[in-house]
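Since the structure comes first, as C-alpha cells, the remarks are kept for the end.
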Amino acid sequence: MSRFLPDRFTVLLVCTVILASLLPIHGDWAESFGIATDIAIGLLFFLHGARLSRDVVIAGILHWRLHLTILLVTFAVFPILGLAIGFIPEEILPSPLYAGILFLCVLPSTVQSSIAFTSMAGGNVPAAVCAASGSNILGMFLTPLLAGLLLSTTGDGGFSWDALESILLQLLAPFVVGQILQPWIGDWIRSKKKLLAPVDRGSILMVVYLAFSEAVMEGLWHTFSATDIAVVIVLDMALLAVVLCLTMFGSRALGFSKEDEITITFCGSKKSLASGVPMANAIFANQSSSVGAIVLPLMLFHQIQLMACAVIAQKYANRLKEKEAAAEPAAA
C-alpha cells in the first residue's frame, strides 16, 4: 500500500505550493530570492555533470538502437500526443494548462528515478544511465526549440534566443564545468550523495516557490477550478498509460532483450521535474504565460509517473525472481 503514497519530495512540493499560496514572495525579496535560486540551479547541474562517469557514458553510448528509440519517444512521440490533446475544447482544458501539458511533452527524461526503477526491475542499468543523461543534455537544446515550435501554435509563446541562451548559461555551462572536473571530484561527490541531496531537491523547491508565488499574485487559484485540475490529472494519466504501452510492447516488437525493454520503458516514459522547472522559469520568464500554470501539469505528472512506475518495476522484479527460482532446480 505504501507504494501508492506520495514520497517525501512530493509532500515537500505540495507544502511549497501551499506556502506560496498563503505567503507569496514579491517585490525586492522576490528579486533577491530569484538570484539565489539561479545560483542553486547552477550548482545542481554542476553536480549532475560531476557525478556522471565518462566510463559509463562510453559503455552506454555504443547501444545506439536503444538510445535512438528512447530519444524518439521522448522528443517525437510525446509531442505528437501533446498536439493530439489540443483537440480538446478550451472549455474543458484551459489554454494555459494545455500549454503546460505541451511543455511537459517536450521535456527530457528523468535521471535518478529512471535509473533507480531500471535497476529495481533488473534492466540494463549502464544503458539507462547513458540514455537518461543524454536525454537531459540534448533536452537543453531540443526542449526550448520544440517548446517554441509547439507553443507558438497556441499563442502562448514562441522560440526565444534569450530563453535558449539562459538555459545554456544556467544549465549547460555548469554541467560542462562539472564534467570537466569529474575525474578529480567525481568519486568524492558520488560518495557524498546523502550530504549533497538537499541541493537537488532544495533548488527545485526554490524554483517552485518562486514560480507559484508569481502565479498566485497573478490570480492562479482564481483562474482554475478543481474541475480544471481534475481534467489535467486524467490527461496526465492517459498520456503516461499510452507511452508506457508504446515503450513496453514496442520494444518487444523491435526485438529488444528483456533488460533493454525495461530500460526503454522507464527512460522513455518519464519526464524530468528537475530539468523542467528551471527550463520553464527560463523559457517563460518574459512571456505572458504564468510559470506556475505551466509547471502544474508537470508536477502532477511527476507523482503519477512515480506511482505507476513503482508498480511496474515491482512486477518486473517479481517475474525475474520467479524465473531465477524456476531455473535453480534445472541447474541443480
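The model shown is predicted, which means the values in this text are computed figures rather than measured ones.
- Formation of a donor-acceptor pair under 3.5 Å by the Ser251 side chain with backbone atoms of Phe256 is not found in this model.
- Cys309 SG to Ile304 CD1: the interatomic distance, rounded to the nearest 0.5 Å, is 11.5 Å.
- The side-chain heavy atoms of Leu239 and Leu104, taken from C-beta on, include a pair separated by under 4.5 Å.
- Across Leu71, Val77, Val73, Leu72, a single residue satisfies side-chain contact (heavy atoms from CB on, under 4.5 Å) together with Phe75, and that is Leu71.
- Within the structure, every pair that satisfies the salt bridge (charged side-chain N to carboxylate O under 4.0 Å, His left out) test and touches residues 243-269, not counting sequence neighbours, is listed here: Arg252-Glu261, Lys258-Glu261.
- Between Ala121 and Ile262 the shortest heavy-atom distance is O-CD1, 3.3 Å.
- Inter-residue side-chain proximity for Ser272 and Leu107 is flagged as unmet; no heavy-atom pair is nearer than 4.5 Å.
- Although no hydrogens or angles enter the test, the distance criterion places no donor-acceptor pair under 3.5 Å between the side chain of Ser269 and the main chain of Leu244.
- The shortest side-chain heavy-atom distance between Leu273 and Leu298 falls under the 4.5 Å cut-off.
- In this structure a side-chain-to-backbone donor-acceptor pair under 3.5 Å is missing from Ser135 to Ala131.
- Between Pro174 and Gly42, the closest heavy-atom pair is CB-O, 3.1 Å.
- Using a distance-only test at 3.5 Å, with no hydrogens or angles considered, no donor-acceptor pair links the side chain of Thr143 to the main chain of Met140.
- Put simply, the side chain of Phe117 does not reach to within 4.5 Å of the side chain of Thr265, judged on heavy atoms.
- With hydrogens and angles disregarded, no donor-acceptor distance shorter than 3.5 Å links the side chain of Gln305 to the backbone of Leu240.
- Atom-to-atom distance recorded for Phe46:CZ and Ile180:CD1 is 10.0 Å, nearest 0.5 angstrom.
- When atom types are taken as modelled, the side chain of Lys271 and the backbone of Thr74 share a donor-acceptor pair closer than 3.5 angstrom.
- Within the 4.5 Å cutoff, the side chain of Val232 has heavy atoms near those of the Leu93 side chain.
- Residues Lys315 and Val311 have side chains in contact (heavy-atom distance under 4.5 Å, counting atoms from C-beta outward).
- One distance of note links CG of Leu81 with CG of Leu235; it measures 11.5 Å at 0.5 Å rounding.
- Few gaps surround CE on Met120; more than 12 heavy atoms of other groups in view lie less than 6.0 Å from it.
- Side chains of Ile229 and Leu300 form a contact here, defined as non-hydrogen atoms less than 4.5 Å apart.
- Considering every non-hydrogen atom in both Gly268 and Val243, the closest pair reads O-CG1, 3.8 Å.
- Between Leu150 atom CG and Leu145 atom CG the span is 11.0 Å, to the nearest 0.5 Å.
- In this structure, the separation between OH on Tyr209 and CG on Leu19 is 4.5 Å, given to the nearest 0.5 Å.
- In terms of the ring-ring contact (aromatic ring centres under 6.0 Å, His included) criterion, Phe249 has no residue partners (sequence neighbours excluded).
- The structure places CD1 of Ile88 at 11.5 Å from CG of Leu97, a figure rounded to the nearest 0.5 Å.
- Residues Cys15 and Leu205 fail the side-chain proximity criterion, which asks for heavy atoms closer than 4.5 Å.
- No donor-acceptor pair closer than 3.5 Å links the side chain of Asp38 to the backbone N or O of Ile35.
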Where do Val106 and Leu142 land on the side chain to side chain contact (heavy atoms under 4.5 Å, CB included) test, with the steps shown first?
CA-CA 8 Å; Val106 300; Leu142 293 178; over 6 Å; no
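- Not one N or O on the side chain of Tyr98 forms a donor-acceptor pair closer than 3.5 Å with the backbone of Pro89.
- In this model, a donor atom of one side chain and an acceptor atom of the other lie less than 3.5 Å apart for Asn318 and Gln314.
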